[in-house]
There are 2 protein chains.
Amino acid sequence: MPLPETEIPGRLQAELMSRGLRMTRQRRTILSVVETAKQHLDASQLLRRARRLDPQIDRVTVYRTLGLLKRHGLIDELDLMHMQGEKHFYERRPQRDHIHMACLRCGKITEFESDLFDRLKGQIQRDCRFHIVVTRLEVGGYCAQCRTTDQPKD
Amino acid sequence: MPLPETEIPGRLQAELMSRGLRMTRQRRTILSVVETAKQHLDASQLLRRARRLDPQIDRVTVYRTLGLLKRHGLIDELDLMHMQGEKHFYERRPQRDHIHMACLRCGKITEFESDLFDRLKGQIQRDCRFHIVVTRLEVGGYCAQCRTTDQPKD
DNA sequence: TATAATGTTGCATACCAGTTGCAATAAGGA
DNA sequence: TCCTTATTGCAACTGGTATGCAACATTATA
Ligand SMILES: [Mn+2]
Ligand SMILES: [Mn+2]
Ligand SMILES: [Zn+2]
Ligand SMILES: [Zn+2]
């Protein structure tokens with residue numbers, strides 16, 4: 001599906017434009033990939049998907065756009081316990097922070113929102129007099145399925 | 001608690017030996033550096049300190065020893081928000097998990113233990129039926145000093 | 001709608017942290 | 001002490017990301 005310029009801009013695009021940044025074809029493409037992603041994507045996955053919409057897009061443009069989005073606090077960078085190399089994963093910054101759980105056996109990533117987590121962040125801000133900009137809580141362990149089986153992974 | 005909680009140098013070494021691993025001069029050196037470190041060290045800092053005790057130690061041995069300690073759950077790996085490149089930092093796994101706060105302006109790393117954090121982990125294990133092996137909560141933001149000043153970063 | 005100013009892109013290349021293959025060496029048990 | 005097997009150091013390599021720069025696209029202005 002080609003990306004018509006008349007399309008209603010996504011939230012990321014609107015945010016960047018409202019901050020006076022130039023909106024190029026490449027940026028529109030990458031932003032749309034980030035916005036429509038159903039899972040956490042790394043830079044190379046992002047590039048592959050962006051290339052399906054605009055085959056001549058370059059990976060440096062992906063990295064530079066990710067850097068831009070990070071600097072503007074519009075996406076979060078995840079390690080997901082670095083289970084498959086040293087790559088990083090990205091997701092649009094959500095309305096409410098969530099926890100990422102990574103199963104060390106099957107690799108499944110689970111998200112979890114928690115009131116206790118929100119309270120913990122409040123405690124950090126108060127007790128440590130620390131102004132929080134970004135948080136990352138990642139948990140490694142074994143999911144319900146993998147806990148109960150002894151089979152080799154996956 | 002059957003074992004005393006005091007900072008006995010050689011605890012990592014004792015742990016590895018009790019698990020039937022060979023104790024080489026290089027491992028003893030690296031373990032002693034990890035155990036006596038007052039701050040979070042990355043692999044190259046670790047190598048430099050190890051070389052002061054044993055000048056012909058190689059960096060691959062540092063990486064392999066870190067891998068060993070990670071696999072045995074004796075150290076934790078930290079990103080510290082990747083403020084200076086993509087390197088990772090290490091610390092001996094503490095008796096009680098703690099949070100790492102990284103000031104995005106001055107770079108200071110602060111540690112914080114919290115009952116709410118312990119309860120959150122309990123909630124994750126229960127509500128998600130997830131068996132936790134390792135956790136990493138990192139927070140980026142501005143420390144008390146940097147919050148109140150407007151000077152350019154350090 | 002053309003022009004100018006400035007920001008962005010793609011390409012090539014470099015960089016950095018970490019990994020791997022392999023022959024030489026050392027540890028720990030018999 | 002010898003023997004087996006794990007570990008080491010070296011060199012080369014990898015994967016992920018960053019940079020210099022000339023060509024180009026965007027946006028403001030005329
Ligand atoms: Mn990382
Ligand atoms: Mn997520
Ligand atoms: Zn699993
Ligand atoms: Zn600070």
Side-chain angles (χ1 to χ4, degrees), chain A residues 3 5-6 9 12-14 16-31 33-34 40-51 53-72 75 77-90, chain B residues 12-14 16-31 33-34 40-51 53-72 75 77-90:
Chain A
L3 202 65
E5 315 233 335
T6 53
L12 288 179
Q13 186 176 327
L16 286 184
M17 287 177 82
S18 78
R19 295 172 201 212
L21 283 143
R22 290 197 185 173
M23 198 44 54
T24 62
R25 185 172 38 83
Q26 295 89 331
R27 279 187 183 164
R28 263 189 295 269
T29 304
I30 295 165
L31 297 183
V33 171
V34 171
H40 310 98
L41 301 177
D42 63 39
S44 66
Q45 292 173 310
L46 228 65
L47 173 65
R48 228 176 305 125
R49 293 189 182 207
R51 278 201 162 139
L53 303 167
D54 177 354
Q56 59 212 358
I57 215 161
D58 194 84
R59 71 207 163 98
V60 291
T61 303
V62 169
Y63 281 113
R64 288 195 272 230
T65 304
L66 287 173
L68 185 75
L69 292 168
K70 269 193 278 179
R71 285 195 303 279
H72 284 266
I75 56 170
E77 187 176 61
L78 309 171
D79 280 46
L80 301 184
M81 301 317 283
H82 283 313
M83 288 190 301
Q84 24 182 355
E86 302 283 285
K87 66 186 74 160
H88 294 106
F89 297 85
Y90 301 91
Chain B
L12 287 179
Q13 186 176 326
L16 287 184
M17 288 179 81
S18 79
R19 295 173 200 212
L21 284 142
R22 289 194 186 174
M23 199 41 56
T24 62
R25 185 171 38 83
Q26 293 90 330
R27 281 188 181 163
R28 262 189 294 269
T29 304
I30 294 165
L31 297 183
V33 171
V34 171
H40 309 99
L41 302 176
D42 63 37
S44 65
Q45 294 172 310
L46 227 63
L47 173 65
R48 227 174 306 123
R49 293 189 183 207
R51 283 228 238 243
L53 303 167
D54 177 355
Q56 58 210 358
I57 216 161
D58 193 85
R59 74 206 172 94
V60 290
T61 303
V62 170
Y63 281 113
R64 289 196 271 231
T65 305
L66 287 173
L68 184 74
L69 291 168
K70 270 192 278 179
R71 285 196 303 281
H72 284 265
I75 56 171
E77 187 176 62
L78 309 171
D79 279 45
L80 302 181
M81 300 318 281
H82 283 312
M83 287 190 301
Q84 25 181 350
E86 302 283 285
K87 66 187 77 164
H88 292 106
F89 297 85
Y90 301 90

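Labels below follow one simple rule: chain letters A, B, ... track the order of the sequence lines, proteins then strands, and each chain is numbered from 1.
Using a 4.0 Å heavy-atom distance criterion, R27(A) is classed as a sugar-phosphate-only contact.
Between L31(B) and L69(B), some side-chain heavy-atom pair lies under the 4.5 Å cut-off.
Nearest-nucleotide positions on DNA chain C for G85(B) and R28(B) put G85(B) closer to the 5' end. Heavy-atom nearest nucleotides on DNA chain C were determined for Q26(B) and for Y90(B), and the one closer to the 5' end corresponds to Y90(B). Both E86(B) and T65(B) sit near DNA chain D, but only T65(B) has its closest nucleotide nearer the 5' end.
Between the side chain of R27(B) and the main chain of R22(B), a donor-acceptor pair closer than 3.5 Å is present. When atom types are taken as modelled, the side chain of R64(A) and the backbone of R59(A) share no donor-acceptor pair closer than 3.5 angstrom. Judged by distance alone, with hydrogens and angles left aside, the side-chain atoms of R28(A) form no donor-acceptor pair with the main-chain N or O of Q13(A) at under 3.5 Å.
Interatomic distance, CZ of R48(B) versus CD of Q45(B), reported as 6.0 Å (0.5 Å rounding). For the atom pair OG1 of T65(B) and CG of L46(B), the computed distance is 9.0 Å after rounding to the nearest 0.5 Å.
Rounded to an integer number of Å, the gap from NE2 of H88(B) to P of dG15(D) is 17 Å. Rounded to a whole Å, the CG atom of D42(A) is 12 Å from the C1' atom of dT17(D). In this entry the distance linking CZ of R71(A) with P of dA18(D) reads 10 Å, nearest Å. As a whole-Å value, the separation of Q45(A) CD from dG15(D) C1' is 14 Å. Protein atom OH of Y63(B) is 18 Å distant from nucleotide atom P of dT14(D), rounded to whole Å. As rounded to whole Å, 9 Å separates atom P of dT17(D) from atom NE2 of H82(B). Atom CG of L68(A) is separated from atom C1' of dT26(D) by 15 Å (rounded to the nearest Å).
Exactly one of T24(A), T29(A), D54(A), I30(A) qualifies for a side-chain contact (heavy atoms from CB on, under 4.5 Å) with T61(A). That residue is I30(A).
When each of dT8(D), dT4(D), dC21(D) is scored by its nearest atom to the side-chain atoms of R22(B), the top-ranked nucleotide is dT4(D).
For DNA chain C, the contact window with chain B, defined by any atom under 4.0 Å from a protein heavy atom, covers dA17(C) to dG28(C) in 5' to 3' order.
For the 3.5 Å distance criterion, the side chains of E86(A) and H88(B) qualify, holding a donor opposite an acceptor.
Residues of residues 54-62 of chain B that place a heavy atom closer than 4.0 Å to DNA chain D, in numerical order, are Q56(B), I57(B), D58(B), R59(B), V60(B), T61(B).
Minimum interatomic distance between D42(B) and F89(B) (heavy atoms only, all atoms of both residues): N-CD2, 3.7 Å.
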